[in-house]
Amino acid sequence: MKKLFTDNRILLKILSGLIAIILWFAITYTEDPVISQVLMGIPVTFEGEEQLEENGLIVVNKGAIPDISVTVRGNRSNVISSIGSISAIVDVSGINQAGSSMMPVRYSYPSGVVALTKSKTNEITVETEKLVTRNIPVRIESENEDKNTEFMVKSECENKSVKVRGAESAVYGISYAMAEVDVSNITATGTQEYVYSFYDEKNNRLPGDNILYRSHKTLTVENVAYRKLIVPVEVTADDVTLENYSMTVKNQSATSVEIGVESGITVDSVRAVISREEGKTEYETEIILPEGVYMPDKNRKITVVCQFEPKVLSEVTVPVMVSNIPEGRTAYVEPKEITVSVKCGETTDPSGQITATADASDVPGGEGTVTVAISAPKEIEVVGAYSVTVRIQ
């Protein structure tokens, strides 16, 4: 019996508490009391920016303006409903010179329902700069080139520059505009639009703040697909150097490279040409590409270590062979050996490296004079022309 009485008392206490809470809410919201409320983070709105732009100026410190707070008073329901309709307004139309200006703040609020009783901010510092216009050069950056196993893609932008207008520091802080092109799935030539970003001279991406106008929202890029091919790199010297010097390549950073080839084009190799400089052994040179062949500029440079030595004129005696002898016939050549003049490095021995061949098919009758074809390695230059008499029996 005693336990039942205790349980009833506990239930009555809980019921009393709930009734008290309900009565408090009913009284509070039925009576709608007058309260004072601090509102934080009031937005700042700038008026007269069109006039400011006509004056050749722009506000540049919008993002640095501190939060504004105000205190409003009114019925609770009115205070709650006014949240979001209160703003701080700064009129910048009268600023006509770049720099810092202390500008008054006025507040917009529903004065018929609440009263603004307190504000800590009555004026703010407005920073302005001159408006300038400039053409920004355009770059294209290819991405995921290694993921496209069949095609090498050349991406070229139809827009060579983008005209921008904005705050002086922002515009002149831009070094270039760049669009990133994912070439991993490009298998055919075509044109596409790409969003671009601004970068400074240290290749840091810029947010684009305080830029009012840009002539292009996107960049038009033509992607040309070339068939991928790996070919050897042949290193040689330029004609002027080869006239007087023999070159020996000791090392090269790339003996083969990956290139892109147009349909119908056949390429067996690409060349890199060295121009000799006195006392220099290591050279950085660019691979020469024939027509219809593409390589990204960043991949075209190779490093070559080579040695040059002056060419000297020497003579070597070479036996003459006869080719294309008619079946069942015998060919006689006179003389059987010829002395060939060559130019090569002073330490190079041309003996055994040169062959001389007379073509019997060039003899119209039974006997005739035939020009001898001299074959020599590229580092040995043959000087002069040679001929022999060939007789067919």
Side-chain angles (χ1 to χ4, degrees), residues 137 139-142 145-146 151-156 203 224 226-262 264-316 318 339-357 372-386:
R139 296 184 188 177
I140 301 299
E141 181 74 19
S142 295
E145 295 169 300
D146 56 328
F151 294 92
M152 182 176 288
V153 180
K154 177 183 179 182
S155 299
E156 287 190 330
N203 302 318
V224 183
Y226 295 84
R227 180 173 49 87
K228 277 187 175 180
L229 187 66
I230 296 176
V231 295
V233 179
E234 295 182 359
V235 178
T236 185
D238 61 69
D239 293 341
V240 175
T241 300
L242 289 178
E243 182 70 24
N244 300 297
Y245 292 89
S246 174
M247 182 182 76
T248 303
V249 176
K250 301 292 186 181
N251 186 40
Q252 59 189 79
S253 59
T255 57
S256 63
V257 292
E258 189 174 59
I259 61 174
V261 182
E262 285 184 0
I265 299 293
T266 301
V267 179
D268 296 324
S269 64
V270 291
R271 291 197 312 146
V273 179
I274 304 296
S275 296
R276 177 183 176 275
E277 297 179 32
E278 187 65 38
K280 189 174 180 179
T281 58
E282 184 173 305
Y283 297 83
E284 186 179 69
T285 187
E286 193 170 89
I287 292 172
I288 299 173
L289 300 177
E291 188 174 353
V293 177
Y294 167 71
M295 275 185 74
D297 290 340
K298 61 185 179 181
N299 298 340
R300 289 182 61 177
K301 291 189 179 297
I302 67 168
T303 302
V304 178
V305 177
C306 56
Q307 180 180 335
F308 292 96
E309 58 178 352
K311 282 184 176 181
V312 294
L313 186 64
S314 61
E315 293 183 338
V316 58
V318 183
T339 300
V340 179
S341 296
V342 296
K343 288 177 70 174
C344 57
E346 54 191 2
T347 61
T348 301
D349 183 6
S351 301
Q353 300 192 61
I354 299 175
T355 59
T357 306
V372 178
I374 308 295
S375 176
K378 62 180 181 179
E379 62 270 16
I380 299 176
E381 177 188 353
V382 177
V383 179
Y386 304 88

Closest non-hydrogen atom pair between Lys311 and Glu379, with its separation: CE-O, 4.4 Å
field: Under 3.5 Å donor-acceptor, Ser253 side chain and Thr303 backbone
entry: yes
task: Flag the pair Val257 / Val270 as yes when at least one side-chain heavy-atom distance between them is below 4.5 Å, and no otherwise.
output: yes
task: Look up atom OG in Ser375 and atom CD in Gln353, then write down how far apart they are to the nearest 0.5 Å.
output: 10.5 Å
field: Presence of salt bridge, Glu145 and Lys298, under 4.0 angstrom
entry: yes
- prompt: When you measure from the side chain of Ser246 to the backbone N and O of Cys344, does any donor-acceptor pair fall under 3.5 Å?
  reply: no
task: Might you point out which heavy atoms bring Val261 and Ile259 nearest each other, and give the distance in Å?
output: CG2-CD1, 3.8 Å
message: Nearest 0.5 Å, please: how far is CD1 in Ile230 from OG in Ser256?
response: 6.0 Å
task: First locate atom CD of Glu381, then atom CD1 of Ile374, and finally report the distance between them rounded to the nearest 0.5 Å.
output: 13.5 Å
field: Arg227 to Ile265 - nearest heavy-atom pair and separation
entry: NH2-O, 3.5 Å
- request: Nearest 0.5 Å please: distance from the CD atom of Glu156 over to the CD1 atom of Ile140.
  value: 9.5 Å
task: Taking all non-hydrogen atoms of both residues into account, name the closest pair between Glu309 and Thr348 and its distance.
output: OE2-OG1, 3.6 Å
query: Passes side chain to side chain contact (heavy atoms under 4.5 Å, CB included), Val372 versus Thr357? Steps please.
result: CA-CA 5 Å; Val372 178; Thr357 306; 5.7 Å; no
message: Can you list everything that forms a side-chain contact (heavy atoms from CB on, under 4.5 Å) with Glu278? Sequence neighbours excluded, please.
response: Arg276
message: Between Val231 and Asp268, is there a side-chain heavy-atom distance shorter than 4.5 Å?
response: no
- prompt: Quick one: does Arg300's side chain have a donor or acceptor within less than 3.5 Å of a partner on Ile287's backbone?
  reply: yes
task: Using side-chain contact (heavy atoms from CB on, under 4.5 Å) as the criterion, list what pairs up with Gln307, not counting sequence neighbours.
output: Lys250
- request: Return each pair, listed once, that meets ring-ring contact (aromatic ring centres under 6.0 Å, His included) where at least one residue sits in residues 230-261; pairs must be two or more places apart or across chains.
  value: none
field: Shortest non-hydrogen separation from Leu242 to Ala237 and the atoms involved
entry: CD1-O, 3.3 Å
4.5 Å side-chain heavy-atom contact, Thr236 and Arg271: yes
task: List for me each residue that meets side-chain contact (heavy atoms from CB on, under 4.5 Å) alongside Asn203, sequence neighbours excluded, and say none if there are none.
output: Arg139, Tyr176
message: Could you measure the distance from the CE atom of Met247 to the OG1 atom of Thr241? Nearest 0.5 Å is fine.
response: 9.0 Å
field: Pairs flagged by ring-ring contact (aromatic ring centres under 6.0 Å, His included) wherever residues 267-302 is involved - sequence neighbours left out
entry: Tyr226-Tyr294
- prompt: Roughly how far, to the nearest 0.5 Å, is the NZ atom of Lys301 from the CD atom of Glu286?
  reply: 4.5 Å
field: Heavy-atom closest pair, residues Tyr386 and Thr339
entry: CE2-O, 3.3 Å
message: Pair Phe308, Thr248 - check side chain to side chain contact (heavy atoms under 4.5 Å, CB included), show working.
response: CA-CA 7 Å; Phe308 292 96; Thr248 303; over 6 Å; no
message: If you define the side chain from C-beta out and look only at heavy atoms, does anything of Ser142 sit under 4.5 Å from Pro296?
response: no
query: Can you list the residues that meet the side-chain contact (heavy atoms from CB on, under 4.5 Å) rule with Gln252, with sequence neighbours excluded?
result: Val233, Val235, Val249, Thr255, Val304
